Amino acid sequence: MKRKLAAAIVIAGMMVSVSACGGDDGDDKNAGPDSFKGQTLTVWAMDGSTPDQWVKDVTAAFEKKTGAKLKFETQKWDGIQQKITTALSESNPPDVLEVGNTQTPAYAATGGLADLSDLKKEIGADWTPSVSQSSVYDGKQYAAPWYFTNRVVIYNKKIWAKAGIKDTPKTRDEFFKDLETIGKKTDAEPIYLPGQNWYFFDGLTIGQGADLVKKEGDKYVSNLGDPKVAKAMEIYKKYASYSKAPKDKDEATPQQAEVFAKGNTGAFIGMGWEAGTAVAANKAIEKDLGYFTIPGETPDKPEGVFLGGSNLAVAQGSEKQALAKEFLKIALSDQYEGQLAKLNGVIPNKKSLESNLKGNAVAEAAVPGSAVGGTTPLIPEWGAVENNPNPIKSYMTAVLNGKSPADAAKQVEDEINKRLAQQN
């Protein structure tokens, strides 16, 4: 998976407030297909999301069905939050937008997105719940789930074979045992896990059935003091004990895939596209790459993972909402949703379409975790928490340096609560 796809799962910074302009109630919003001829629908899609063949096929199907033209405008992830925020507040926004799944609640809260609850009833009855939840805000469907991905274990088969390990682990304890074996029987670092890979930590938190925030009265506050969150951090600490990675850096400093590419690391936990980064750094590593689902406590349930991805939304200010919904019906149909999954190796919005990933080793490893995955808190206030310096990262480093999870939580909870109280 390409590096640019990773941006799809990076959580937005604090969202800038939008006073989105609702479009007038002209005839187009409720128009039938016959009235679409001569119109052009504008779709903002992110760089790397729409393969050329998919665009060609969807465009042909759309134009044949509606008689309207379809215009894709490719956007860069850098600075996209501000660009979308501004666009949604203007009188002539793009009609359909790709938005990051964790960004969707913030855009919806501003009034910038159209309610798609009717579309959900028509075509979304079998959307996978774990990927559909980010499209819902305040009980309404403000977007449609499009594509998703999550972390897997990327490992060096040569090192594992040298350690005498024949099978991939099916439980967390088996994984720990394998890492211990690699440390004893080879000169390789068993796993590269920096102290601030906080998306992996969020997945562990999801796996414990916990959340990073809780509601007190009418406001959200930090939940880092929850014993379940502490348990997730202790699991992370156990993983980190097999690594020599810095405790105060994240997976991009340095790029963990480039460390792995040197050929003396047993495994790392990352996105599928990072395998490509490793190969780009060292072509010889390609033949030794293997993948498996992050194992959970028991064989029947994988570890919780952070599910990143994108939703498709319709601008509330669009004068072509009926036409936009016709586009969504086509783009999200089994035919074209399945095609996107196959071409890009991403997890589709329905379990029934996962067969399109057969033969893609990374995607096949990611699918089991997606069923039990989740996201960071789906509230507009959350974006501010992730601004640098990220207090969650500070918490993790403190625990790895010897503080108890409870004491480390107390150090950062005031800052988290302050950010959660900021107006969006």
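Below, all heavy atoms of this structure are taken into account, side chains as well, without hydrogens, waters or symmetry copies. Remember, it's a predicted structure, so these values are computed and weren't measured experimentally.
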Asp115 and Gln141: CA distance, side-chain angles, deciding distance, side-chain hydrogen bond (donor to acceptor under 3.5 Å, both in side chains) verdict: CA-CA 6 Å; Asp115 184 355; Gln141 193 84 28; over 6 Å; no
Please check if the number of heavy atoms outside Asp52 that lie under 6.0 Å from its CG is greater than 12. no
Do other residues, nucleotides or ligands put more than 12 heavy atoms under 6.0 Å from Glu234 CD? yes
Please test Asp250 against Lys393 for salt bridge (charged side-chain N to carboxylate O under 4.0 Å, His left out), starting from the C-alpha separation and ending with a verdict. CA-CA 8 Å; Asp250 63 20; Lys393 291 183 175 182; 2.9 Å; yes
Is the shortest side-chain N to carboxylate O distance from Glu73 to Lys71 below 4.0 Å? yes
Kindly check if the number of other-residue, nucleotide or ligand heavy atoms within 6.0 Å of NZ (Lys158) is above 12? no
Note: Ala341 and Asn356 closest approach over all heavy atoms is CB-CB, 4.3 Å
Might you confirm whether atom CG of Asp126 has over 12 heavy atoms from other residues, nucleotides or ligands at distances under 6.0 Å? yes
Can you confirm whether more than 12 heavy atoms, excluding those of Asp118, are under 6.0 Å from its CG atom? yes
For a 4.5 angstrom cut-off between non-hydrogen side-chain atoms, does Ile235 reach Gln208? yes
Taking C-beta and beyond as the side chain, do Ser130 and Val372 meet within less than 4.5 Å on heavy atoms? no
Can the ring centroids of Tyr239 and Phe175 be said to lie less than 6.0 angstrom from one another? yes
Test log, rule side chain to side chain contact (heavy atoms under 4.5 Å, CB included), inputs Gln196 and Phe201: CA-CA 8 Å; Gln196 297 183 346; Phe201 166 62; over 6 Å; no
Test your reading of the model: is there a side-chain donor-acceptor pair from Thr181 to the backbone of Ala163, 3.5 Å cut-off? no
Between Glu415 and Arg419, does any NZ, NE, NH1 or NH2 come within less than 4.0 Å of an OD or OE carboxylate oxygen? yes
As a test of understanding, state which of Phe200, Tyr291, Tyr192, Phe260 forms a ring pair (Phe, Tyr, Trp, His ring centres under 6.0 Å) with Phe268. Phe260
Taking Lys177 first and then Glu174, would you say they form a salt bridge - that is, a charged N and a carboxylate O separated by under 4.0 Å? no
Show the numbers, then the answer: is there a side-chain hydrogen bond (donor to acceptor under 3.5 Å, both in side chains) between Gln81 and Thr85? CA-CA 6 Å; Gln81 290 82 32; Thr85 296; over 6 Å; no
Can you list the steps and then say if Asp288 with Lys157 is a salt bridge (charged side-chain N to carboxylate O under 4.0 Å, His left out)? CA-CA 5 Å; Asp288 298 324; Lys157 293 187 287 187; over 6 Å; no
Taking the six-membered ring for Trp and the full ring for Phe, Tyr or His, determine whether the centres of Trp160 and Phe292 are under 6.0 Å apart. yes
What pair of heavy atoms forms the shortest contact from Glu364 to Gly359, and how long is it? OE2-N, 3.1 Å
Measuring only between side-chain heavy atoms, which start at C-beta, is Ser132 closer than 4.5 Å to Lys120? yes
Step by step, would you call Phe72 with Thr42 a side chain to side chain contact (heavy atoms under 4.5 Å, CB included)? CA-CA 6 Å; Phe72 280 94; Thr42 299; over 6 Å; no
Can you tell if the side chain of Glu326 reaches within under 4.5 Å of the side chain of Gln321, non-hydrogen atoms only? no
Would you check if the side chain of Lys320 reaches a backbone N or O of Thr40 as a donor-acceptor pair within less than 3.5 Å? yes
Taking the side chain from Asn101 and the backbone from Ser134, do they hold a donor-acceptor pair closer than 3.5 Å? no
Go through the steps to decide whether Gln133 and Thr375 satisfy the test side-chain hydrogen bond (donor to acceptor under 3.5 Å, both in side chains), and finish with yes or no. CA-CA 9 Å; Gln133 63 181 346; Thr375 68; 4.7 Å; no
Without swapping roles, check the side chain of Gln255 against the backbone of Ala257 for a donor-acceptor pair under 3.5 Å. no
Examine Trp54 together with Trp146 and report whether their ring centres are nearer than 6.0 Å. yes
Determine, step by step, whether Asn156 and Thr265 satisfy the side chain to side chain contact (heavy atoms under 4.5 Å, CB included) criterion, reporting the C-alpha distance in whole Å, the side-chain angles of both residues, the deciding distance to 0.1 Å, and the verdict. CA-CA 7 Å; Asn156 187 317; Thr265 302; over 6 Å; no
Is the backbone of Val55 close enough, under 3.5 Å, to the side chain of Thr50 for a donor and an acceptor to pair up by distance? no
Backbone of Thr86 reached by a side-chain donor or acceptor of Ser89 within 3.5 Å: yes
Under the side chain to side chain contact (heavy atoms under 4.5 Å, CB included) rule, what do Ile191 and Ile182 come out as? Steps first, then yes or no, please. CA-CA 9 Å; Ile191 188 170; Ile182 291 170; over 6 Å; no
Quick check: closest heavy atoms across Ser135 and Ala143, and the distance to 0.1 Å? CB-O, 3.2 Å
What pair of heavy atoms forms the shortest contact from Leu212 to Pro377, and how long is it? CB-CG, 4.2 Å
Any donor and acceptor pair, going by atom type alone, linking the side chain of Tyr147 with main-chain N or O of Gly345 inside 3.5 Å? no
Report yes or no: do Glu258 and Thr277 form a side-chain donor-acceptor pair below 3.5 Å? no
Donor on one side chain, acceptor on other, Glu98 and Ser49, under 3.5 Å: yes
Measure across Ala210 and Val229 and return the closest heavy-atom pair with its distance rounded to 0.1 Å. CB-CG2, 3.9 Å
Asn417, Leu224, Val385 screened by side-chain contact (heavy atoms from CB on, under 4.5 Å) with Pro391, the one that passes: Val385
Side chains of Thr376 and Asp202: closer than 4.5 Å at any heavy-atom pair? yes
Without hydrogens or angle criteria, can the side chains of Lys83 and Gln75 be said to hold a donor-acceptor pair below 3.5 Å? yes
So Leu357 and Val367, do their side chains get closer than 4.5 Å, heavy atoms only? yes
Regarding Thr59 and Glu63, is there a side-chain donor-to-acceptor distance under 3.5 Å anywhere? no
For Lys237, I'd like to know if atom NZ has over 12 heavy atoms of other residues, nucleotides or ligands within 6.0 Å. yes
Taking 4.0 angstrom as the limit, do Lys219 and Glu216 come out as a salt bridge? no
Ser243 side chain to Ala245 backbone, donor-acceptor under 3.5 Å: yes
Any donor-acceptor N/O pair, Thr104 side chain to Gly100 backbone, under 3.5 Å: yes
Could you check whether any side-chain N or O of Asn344 sits under 3.5 Å from a backbone N or O of Val346, counting only pairs where one atom can act as donor and the other as acceptor? no
Is any side-chain heavy atom of Val43 closer than 4.5 Å to a side-chain heavy atom of Leu97? no
Residues Asp173, Thr171; criterion side-chain hydrogen bond (donor to acceptor under 3.5 Å, both in side chains); working and verdict: CA-CA 5 Å; Asp173 284 343; Thr171 67; 5.7 Å; no
Minimum-distance pair of heavy atoms, taken over all atoms of Ala384 and Gln422: CB-OE1, 3.8 Å
For residues Lys350 and Glu337, determine if any side-chain heavy atom of one lies less than 4.5 Å from a side-chain heavy atom of the other. no
